[in-house]
Amino acid sequence: MAAKMWAGRFSKEVDEKVNDFNSSISFDARMYKNDIEGSVAHATMLGECGIIDLEESKTIIKGLKEILCDIDEGRLQFDPNAEDIHMFVEAELTNRLGATGKRLHTARSRNDQVALDIRLYLRNEIEEIKALVKKLIGVIVTLAEKNLRTVMPGYTHLQRAQPITFAHHVMAYAQMLLRDIGRLDDTYKRMNVLPLGSCALAGTTYPINRERVKELLGFDEVMLNSLDGVSDRDFCIELASAISILMMHLSRFSEEIVLWCSWEFKFIELDDAYATGSSIMPQKKNPDITELVRGKTGRVYGDLNTLLTMMKGLSLAYNKDMQEDKEAIFDAVDTVKLCLSTFIPMLETMRVLPENMRNAAAKGFINATDCADYLVKKGLPFRDAYKITGTLVAKCIEMGVTLETLSLDEYKKLSEIFEEDVYDAISLDTCVMQRKSQGGPAPEAVMEQISYVKEKLNG
Ligand code: ARG
């Protein structure tokens, strides 16, 4: 095992088990690009400020870029014995440059270095997640545009309630996902603040220029308290929260797809490429993807919980507990990206079965509200109309008919107000097409939602 960079104070080598226990390289190596990017900015600033010699700063930057290239191209492997990615890169630089390499860590600590690297890494991940969410919204919008007049039952308590369209139903998810993008944007804003220059916890005596590093790395602001700079992990927790809510949305959508492709509903059919069979039951076509998305939602909630619990008892500033942040937030990010990239093509290839939706809508008296509204429009107070319609529904159930097939004579027995035009008023198409209120299921109202969503997506 190579000697530790901090070996000076110690009279023995660290126990091997402790070394493994302490090491984070197995999971933080993925930040190598960010670590090097941060070091290049730091070295640039050190040279410009005359804290190290300008020529040496250039040599360091060149050396760092070569390391990056060697890792990218597989010429340099991570050393599993290295304590973490920061130590690995610095040790490699020193191997290559000797004394010059040792100057990089001037006016810096791993505490502000790691805080910087995670921010740089997650900034990029947020962009990737957002791009996937936008793609999903695009697929939903296309699905909605094709199904503006696909009548289906709307549910409350999973009981048929009022008629809507499939377009209206899926567009609800587009709205939810737009809010997810908003939350990711908010998270990004608070994440995009520079911690480097906080050093170990108490800043530094060197004349560093944090504004310059901020500019070089594209941050909006500099963190103005060095203790906060190294001990803040709010941005991980915020991102895990935003991802948890996004997963919750995907999970609800998944649950509906599980229901919709059951024989009891049969509103949709999944493409064969996005469903799986059973090892014993030949007839089965299972919606495993959606079940896994639903299941993995719990796992992401677990990541959020890990982060919240890990932070709650920590005194300021850095504590090693915080090394545990990475596996949790990386898992949340990886999981949501994996779910989105499988869910999107599944939804894109899913076949909608409008006939079955319509048949389901035709049962269950989902036009009962419209029947009551018919009476109200002819002058009856709503409560009286409600009661008459309730009695009509009970009569239909008794006679084994629907409101559409009940004879006018039967209607008239309950109220003389009923005329032939009741049949038009309670037809499914009328029920849906007349719900033109803003945000409602009528095609023109859904078109308005679609335009709004499209505008937000492009804006
Ligand atoms: N690997 C460490 C982490 O992820 C880096 C910071 C170590 N700092 C320290 N003072 N030991 O948190």
Side-chain angles (χ1 to χ4, degrees), residues 1-10 13-39 41-42 64 67 71 78-94 102 104-125 191 194-204 223 225-237 239-240 303 306-334:
M1 201 187 304
K4 292 285 177 208
M5 287 194 190
W6 36 257
R9 191 208 174 290
F10 292 78
E13 270 201 3
V14 71
D15 178 88
E16 213 178 303
K17 277 208 178 62
V18 172
N19 190 60
D20 292 347
F21 186 63
N22 206 30
S23 171
S24 53
I25 190 138
S26 63
F27 51 86
D28 66 17
R30 63 161 84 192
M31 302 193 300
Y32 73 92
K33 273 193 173 64
N34 317 101
D35 191 71
I36 293 174
E37 188 192 358
S39 289
H42 182 64
L64 286 167
I67 293 176
I71 300 176
F78 300 116
D79 172 7
N81 287 314
E83 200 171 310
D84 52 31
I85 187 61
H86 326 292
M87 290 293 214
F88 173 77
V89 173
E90 196 189 331
E92 183 61 28
L93 189 73
T94 304
K102 293 184 189 167
L104 170 64
H105 210 53
T106 316
R108 186 176 75 170
S109 151
R110 264 187 305 156
N111 297 350
D112 57 345
Q113 190 179 354
V114 69
L116 170 70
D117 292 4
I118 315 173
R119 283 171 195 260
L120 291 174
Y121 182 84
L122 294 179
R123 254 184 4 183
N124 195 45
E125 292 296 303
M191 186 181 289
L194 176 79
L196 202 72
S198 300
C199 303
L201 75 161
T204 179
M223 292 188 81
N225 183 303
S226 61
L227 288 176
D228 183 44
V230 288
S231 60
D232 169 41
R233 292 292 182 274
D234 291 1
F235 60 97
C236 293
I237 296 174
L239 180 56
D303 294 328
T306 298
L307 290 166
L308 284 167
T309 313
M310 182 267 284
M311 290 301 290
K312 75 181 264 293
L314 298 189
S315 60
L316 304 187
Y318 179 83
N319 295 272
K320 191 73 175 217
D321 314 44
M322 289 158 78
Q323 181 165 283
E324 292 288 312
D325 59 359
K326 282 169 278 304
E327 281 169 295
I329 192 63
F330 293 164
D331 182 70
V333 160
D334 293 347

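Every number for a ligand or one of its atoms is a count from 1 in the order of the listing. Heads up: numbering here begins at 1 and tracks the sequence. Because the structure is a prediction, the values reported are computed rather than measured.
Here the closest non-hydrogen pair linking Ser231 and Leu316 is OG-CD2, 3.5 Å.
Checked options Phe235, Phe330, Phe27; the residue passing with Tyr121 is Phe330 (criterion: ring-ring contact (aromatic ring centres under 6.0 Å, His included)).
Between Asp117 and Lys326 there is no salt bridge, since none of the side-chain N atoms of the basic residue sits less than 4.0 Å from a carboxylate O of the acidic one.
Side-chain contact between Phe78 and Ile85: present, with at least one pair of heavy atoms (C-beta onward) separated by less than 4.5 Å.
Partners of Arg233 by salt bridge (charged side-chain N to carboxylate O under 4.0 Å, His left out), not counting sequence neighbours, listed by chain and number: Asp325.
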Can you give me a line-by-line list of nitrogen or oxygen pairs between ligand 1 and the protein shorter than 3.5 Å?
residue: ligand 1; atom: 1 (N); partner: Ser24; partner atom: OG; Å: 3.1
residue: ligand 1; atom: 1 (N); partner: Asp84; partner atom: OD2; Å: 2.9
residue: ligand 1; atom: 1 (N); partner: Gln323; partner atom: OE1; Å: 2.8
residue: ligand 1; atom: 4 (O); partner: Lys326; partner atom: NZ; Å: 2.6
residue: ligand 1; atom: 8 (N); partner: Asn111; partner atom: OD1; Å: 2.9
residue: ligand 1; atom: 10 (N); partner: Asn111; partner atom: OD1; Å: 3.0
residue: ligand 1; atom: 12 (O); partner: Tyr318; partner atom: OH; Å: 2.4

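Counting heavy atoms of neighbouring residues, nucleotides and ligands inside a 6.0 Å radius, atom NZ of Lys17 does not exceed 12 of them.
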